[in-house]
Amino acid sequence: MGVSSHIEGILNGMFLIILGLIWNKVDLSNKWLKITFWSAVYGTFANCFGILIAAIFNAGKMLGIAANGQEGTPVIEGIVTFSLISLSIAMLVVSVAVLVGLKHKMKSS
């Protein structure tokens, strides 16, 4: 789990860098740009936080192979589960919003 936490941190950092590189090509309203921005920030940090908590407390019932069947206390499992589910929703919002914004940009060009 410790290695998974480090890998998640690197991949999330790369995701934010790439998102920053294409940010000016995303054609969305200011409201949706803010929603997308904060969803990306929340999703990446929740991912790092959730996996880190799972690594520290040997939890991760939802993490399957990475957790190697280890389960933590119900409170810790709840925190990890909440972070994994909420970051998934946030990253779906980011992905759809960026794709729609890129499509709008291509239509207007």
Side-chain angles (χ1 to χ4, degrees):
M1 291 302 297
V3 173
S4 292
S5 178
H6 283 88
I7 290 171
E8 289 298 332
I10 291 169
L11 291 175
N12 286 315
M14 288 173 45
F15 176 77
L16 288 175
I17 290 169
I18 292 168
L19 187 60
L21 290 172
I22 66 168
W23 191 255
N24 63 345
K25 295 183 179 8
V26 176
D27 184 23
L28 294 171
S29 67
N30 283 337
K31 176 184 173 183
W32 275 102
L33 281 173
K34 287 179 184 179
I35 291 170
T36 304
F37 173 81
W38 287 111
S39 293
V41 170
Y42 173 77
T44 53
F45 281 96
N47 195 356
C48 291
F49 174 74
I51 301 297
L52 181 63
I53 293 297
I56 291 171
F57 294 103
N58 291 325
K61 185 168 46 173
M62 282 189 68
L63 296 171
I65 295 171
N68 201 20
Q70 297 176 345
E71 289 188 32
T73 64
V75 172
I76 298 299
E77 288 292 341
I79 292 170
V80 171
T81 300
F82 175 78
S83 72
L84 292 176
I85 291 172
S86 64
L87 81 88
S88 298
I89 294 167
M91 295 315 259
L92 280 171
V93 168
V94 171
S95 299
V96 170
V98 167
L99 289 174
V100 168
L102 290 173
K103 183 178 177 184
H104 286 169
K105 184 71 169 187
M106 285 180 19
K107 280 185 178 180
S108 66
S109 294

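The structure presented is a predicted model; accordingly, all values stated were derived computationally and were not measured.
At a threshold of 4.5 Å between side-chain heavy atoms, the hydrophobic network of Ile, Leu, Val, Met, Phe, Trp and Tyr places W38 and V100 in one connected group. When the side chains of ILVMFWY residues are joined at heavy-atom separations under 4.5 Å, either directly or via intervening members, V98 and Y42 end up in two distinct hydrophobic clusters. Placement of F49 and I89 within a single hydrophobic cluster is found when ILVMFWY residues are connected by side-chain heavy-atom separations under 4.5 Å, directly or transitively. Both I85 and I79 belong to a common hydrophobic cluster when Ile, Leu, Val, Met, Phe, Trp and Tyr are linked at side-chain heavy-atom distances under 4.5 angstrom. No path of Ile, Leu, Val, Met, Phe, Trp and Tyr side chains, each step under 4.5 Å between heavy atoms, connects I7 with I51, placing them in separate hydrophobic clusters.
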Side-chain donor/acceptor pairs under 3.5 Å, residues 9-33, sequence neighbours excluded:
unit_1	atom_1	unit_2	atom_2	d
N12	ND2	E8	O	2.8
N12	ND2	T44	O	3.4
S29	OG	W32	N	3.3

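Between S39 and A90 the shortest heavy-atom distance is O-CB, 3.6 Å. V94 approaches T36 most closely through the heavy-atom pair CG2-O, 3.6 Å.
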Starting from the C-alpha separation in whole Å, work towards a yes-or-no answer on side-chain contact (heavy atoms from CB on, under 4.5 Å) for L87 and L84.
-> CA-CA 5 Å; L87 81 88; L84 292 176; 4.0 Å; yes
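In this structure S95 satisfies the side chain to side chain donor-acceptor pair (under 3.5 Å) test with no other residue, sequence neighbours excluded.
If you take OG on S83 and CZ on F45, they are separated by 14.0 Å, rounding to the nearest 0.5 Å.
The hydrophobic cluster analysis finds L99 isolated: no Ile, Leu, Val, Met, Phe, Trp or Tyr side chain comes under 4.5 Å of it, directly or through other members.
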